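Reviewing the structure listed below.
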Amino acid sequence: MMINYIVSKLNRCDNNVILVFDEDNILSNSDIISMLKENGYDIYDFKDPDLFRYYFESKFKIAPSGKLKSGVKLLIRYDGKITIPYDIKMSSSNIAITLTELFPKLNYTVLKEMHPNILEKLYSIYSYYTGKQLSEAETKEYILKNIYGIVPEVINNYNDLIKTFVNIYYKGIELPEIIFDYFIEKLNSKDYFKKIKNKEVFYTKDNFFAYLGDEWKTYLNDLLNKTSNATINFGDNDIKVYIDNLFYEKYIDPVEIDSIDALPKWTHAGIIYDENLRRKRELENILSSVKEKIDKAKSYRDWQNISELWGESLYIFYSGDRSNHEFQDVQKEIEDRFKKWLINEYSYLSSASYVNGPVMLHHVPWYINYKMKKDGFDKVALLVFDGMSLDDWHIIKDYLKEKGYWHIESTTSFAWIPTLTSISRQSIFSGEIPVYFKDTLMTTNYEEKQWKRFWMNQGLYSDNVFYMRSVIDFKDIKLNDIINNRKAKILGFVIDIVDKLIHRQILSVEGLYQDLKLWLKNSEFNLFLDGLAKNGYEIFITSDHGNIYSIGNGRISEGSIVDVAGERVRVYERGLNYDKALNNNAFVWSGFGLPDDYSFILSDGNNAFVDNDRRIITHGGASIEEVIVPFIRVRKEEHNAKSGL
């Protein structure tokens, strides 16, 4: 195993502080990080000498002697872009871990484009390889077939191609761009593929399932009218087996049909004919899928997948019939399992690679900066919806989909715990973990300065970067002034509507949904996005934290002893007694990345520090609803092609 090779190499070092040159980002593999943690290593990504010195001195040295604490094992990872100070180099063991070392017979250009989490599987397969040195094309072929199980030679017709992509995208597999392009290049030699007019429908999961949705409508129309206009045969057994899950898990939207009598039973999952019955079946199917995935969940990607399904189930449950008796049991199971996973794994997330998307919210500006350089755009607008959870995002997504010309790329990111606005949102605008803005931890008043500083460190000027918070009305003239400013390149907006609606909501989650829908109808949000797109901005949307429907477990009166008396979190100065809070179904959160000046007490499950049995929508804790939030890229499609052929 690659992990064993790396750990063995580290263990041969004669110093407990190891400086690892990792320009290929190998050590951001989540499994490797977990193994290193299990072997007692703390992992630090070196980005700034001053921040490192603060971190190192405060956590690993004994004052005032300056000696290293007993048992310290620190791995400092760097990529060569920032010069390591001489004294750190001299006081550490210095090693390098490279792709060339691990895969000497594979092409480096191709390997460099692989996500770190692919490398472990590749290493296991490559360990049996005894052949010649592979060229760039041969390495692509080797990875396509051995890692992804795709053999272009056996894809001989259009339905074979559709089956291949259904299998890939339903399983959540994203081919690296360099491998995807090679696959398309191989397909170009096929006669049937040459006839496809709009190959873009295959390029992303969202594109592909949108195309399948259009084709599904045509296919049903063919069945009803005995025509032959559809290019996809959904009745093929290898596609039909996915139908229930594709519709019930909302990969594809169902179609309204007046009567189902003339249609085969297997098509009913993709048809709206009894809305209440359909929603009931959707919820049952999603809950069943969630339970199955919980049992297998190990990585952060597993929990991201679960969170998206759970967000959908929340939306269905609170929007309609709440008679499903299984819902509460599944919720408890999710929260219990997620909490255990967080305690063991959360601290590793900050070191994960953001190349395929920001794993944590402080990765957001780093990811955007990476995409700007990679994709060649120079204007960005980041919209941070304060308090928006994944079920809230469903409402906004449906609103945008109704417009018919927005292309939406969806993923998720982990908020900082505790899920307080001042902590998690500052991490977005600063690009830093909370320990590095400890002096401003409990305020949001420094976000503009942090946002500007980040982008100035990337080479922009202060007057290229703009920030505006408390945005609710998109007709605000200040917004237009910013968007149309000729110098503007980087925009950061805080959209307050979800947070405002939560704090005034006294009825239910369903009431929150209705208020949000009404706001979208009257807000001109679509016109605002349209203006950004017309001015050349790439648009990203995220949230600082989600929210959860909670039940009061008793109010605690402690006066000035508590620094923050939130509804799901209480923050105490280090050393103060917090036993009262712990007696109210709560636990101490000592997760990585927080300053040592405070103790953080989180309410357990869906409990809250409010009057007994009071229902409230709030945040601050570590539930999956609060922690995993949407990260979205929105693009305007001027010509949304509906057909693949």
Side-chain angles (χ1 to χ4, degrees), residues 152 154-171 184 187-188 190-286 289 312 316 397-398 401-408 637 639-645:
V154 302
I155 303 174
N156 294 315
N157 56 58
Y158 195 63
N159 240 47
D160 285 346
L161 181 66
I162 295 299
K163 284 184 280 187
T164 300
F165 276 100
V166 168
N167 185 51
I168 290 171
Y169 286 137
Y170 178 73
K171 290 179 179 177
I184 296 297
L187 290 173
N188 277 325
K190 310 274 188 179
D191 288 339
Y192 74 86
F193 197 73
K194 292 176 184 176
K195 298 175 185 177
I196 298 174
K197 297 175 183 176
N198 185 23
K199 295 180 176 64
E200 287 76 15
V201 299
F202 300 102
Y203 286 177
T204 69
K205 178 181 72 173
D206 296 310
N207 275 3
F208 179 68
F209 285 124
Y211 167 57
L212 253 60
D214 292 328
E215 279 293 300
W216 177 250
K217 295 174 190 174
T218 307
Y219 181 80
L220 291 179
N221 192 60
D222 283 348
L223 291 178
L224 290 169
N225 299 298
K226 295 182 171 44
T227 53
S228 302
N229 297 315
T231 56
I232 299 175
N233 176 19
F234 287 91
D236 185 301
N237 285 333
D238 289 334
I239 298 177
K240 188 163 65 173
V241 71
Y242 287 99
I243 290 297
D244 282 9
N245 287 351
L246 289 177
F247 285 102
Y248 286 138
E249 294 178 24
K250 305 297 283 185
Y251 288 92
I252 308 175
D253 292 328
V255 178
E256 287 192 31
I257 298 290
D258 293 333
S259 172
I260 62 170
D261 295 340
L263 295 169
K265 189 174 181 179
W266 67 266
T267 66
H268 293 184
I271 298 169
I272 298 174
Y273 58 94
D274 181 335
E275 182 65 13
N276 291 332
L277 178 61
R278 167 175 191 81
R279 301 290 271 181
K280 182 178 179 180
R281 287 180 176 170
E282 278 182 347
L283 183 57
E284 290 171 353
N285 197 75
I286 293 173
S289 182
E312 180 66 32
I316 295 171
K397 179 176 68 175
D398 287 347
K401 285 170 71 174
E402 285 174 6
K403 303 301 176 184
Y405 49 79
W406 291 110
H407 171 61
I408 301 168
E637 295 181 334
H639 302 289
N640 186 17
K642 298 294 184 183
S643 175
L645 289 175

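Just so we're clear, the structure is a prediction, and the values are computed from it rather than from any experiment.
- A distance of 11.0 Å separates CG of D236 from CD1 of I162, quoted to the nearest 0.5 Å.
- The minimum heavy-atom distance linking P254 with A269 is given by the pair CB-O, 4.4 Å.
- Between I408 and K401, the shortest heavy-atom distance links the atoms CD1-CG, 4.1 Å.
- Between W216 and the choices N221, I232, D253, T267, the side-chain contact (heavy atoms from CB on, under 4.5 Å) rule is met once, by T267.
- Atom NZ of K190 sits about 10.0 Å away from atom CG of L161, to the nearest 0.5 Å.
- Contact of the V166 side chain with the F208 side chain is registered, since non-hydrogen atoms from C-beta on lie closer than 4.5 Å.
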Practice task
Would you sort out whether R281 and F247 count as a side chain to side chain contact (heavy atoms under 4.5 Å, CB included), showing the intermediate values?
Solution key: CA-CA 11 Å; R281 287 180 176 170; F247 285 102; over 6 Å; no

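- Between E249 and S289, the closest heavy-atom pair is OE2-OG, 3.3 Å.
- Taken to the nearest 0.5 Å, the NZ atom of K240 stands 9.0 Å off from the CG atom of N233.
- Contact between I243 and W266 at its shortest, heavy atoms only, is CG2-O, 3.8 Å.
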Exercise for the section: List the steps and the verdict of side chain to side chain contact (heavy atoms under 4.5 Å, CB included) for D222 and T227. Expected result: CA-CA 4 Å; D222 283 348; T227 53; 2.5 Å; yes

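- Between the side chains of N167 and Y242, at least one donor N or O lies within less than 3.5 Å of an accepting N or O.
- When only modelled atom types and interatomic distance are considered, K163 and N159 share no side-chain donor-acceptor pair under 3.5 Å.
- Atom CG of residue L212 and atom OH of residue Y251 lie 12.5 Å apart, to the nearest 0.5 angstrom.
- We find the NZ-CD1 distance between K250 and I316 to be 6.5 Å, quoted to the nearest 0.5 Å.
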Exercise for the section: Could you check F165 against I155 for side chain to side chain contact (heavy atoms under 4.5 Å, CB included), going step by step and ending with a plain yes or no? Expected result: CA-CA 11 Å; F165 276 100; I155 303 174; over 6 Å; no

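- When every heavy atom of Y273 is checked against every heavy atom of H268, the shortest pair comes out as CE2-O, 4.0 Å.
- Taking the six-membered ring where the residue is Trp, Y158 and F202 present perpendicular rings, their angle passing 60° and hence far from 30°.
- Side chain of E215 to main chain of A230: no donor-acceptor pair is present (N/O by atom type, distance under 3.5 Å, no hydrogens or angles).
- Of the inter-residue distances, the one linking L246 atom CG with I252 atom CD1 reads 4.5 Å to the nearest 0.5 angstrom.
- Salt bridge annotation for R279-E282: present, with a cationic side-chain nitrogen under 4.0 angstrom from a carboxylate oxygen.
- Side-chain contact check for Y203 versus I184: some heavy-atom pair is nearer than 4.5 Å.
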Exercise for the section: Report the C-alpha distance between I196 and L187 in whole Å, list the side-chain angles of each, state the deciding distance to 0.1 Å, and finish with yes or no for side chain to side chain contact (heavy atoms under 4.5 Å, CB included). Expected result: CA-CA 11 Å; I196 298 174; L187 290 173; over 6 Å; no

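- Taking all atoms of both residues into account, the shortest heavy-atom contact from A262 to L224 is CB-CD2, 4.2 Å.
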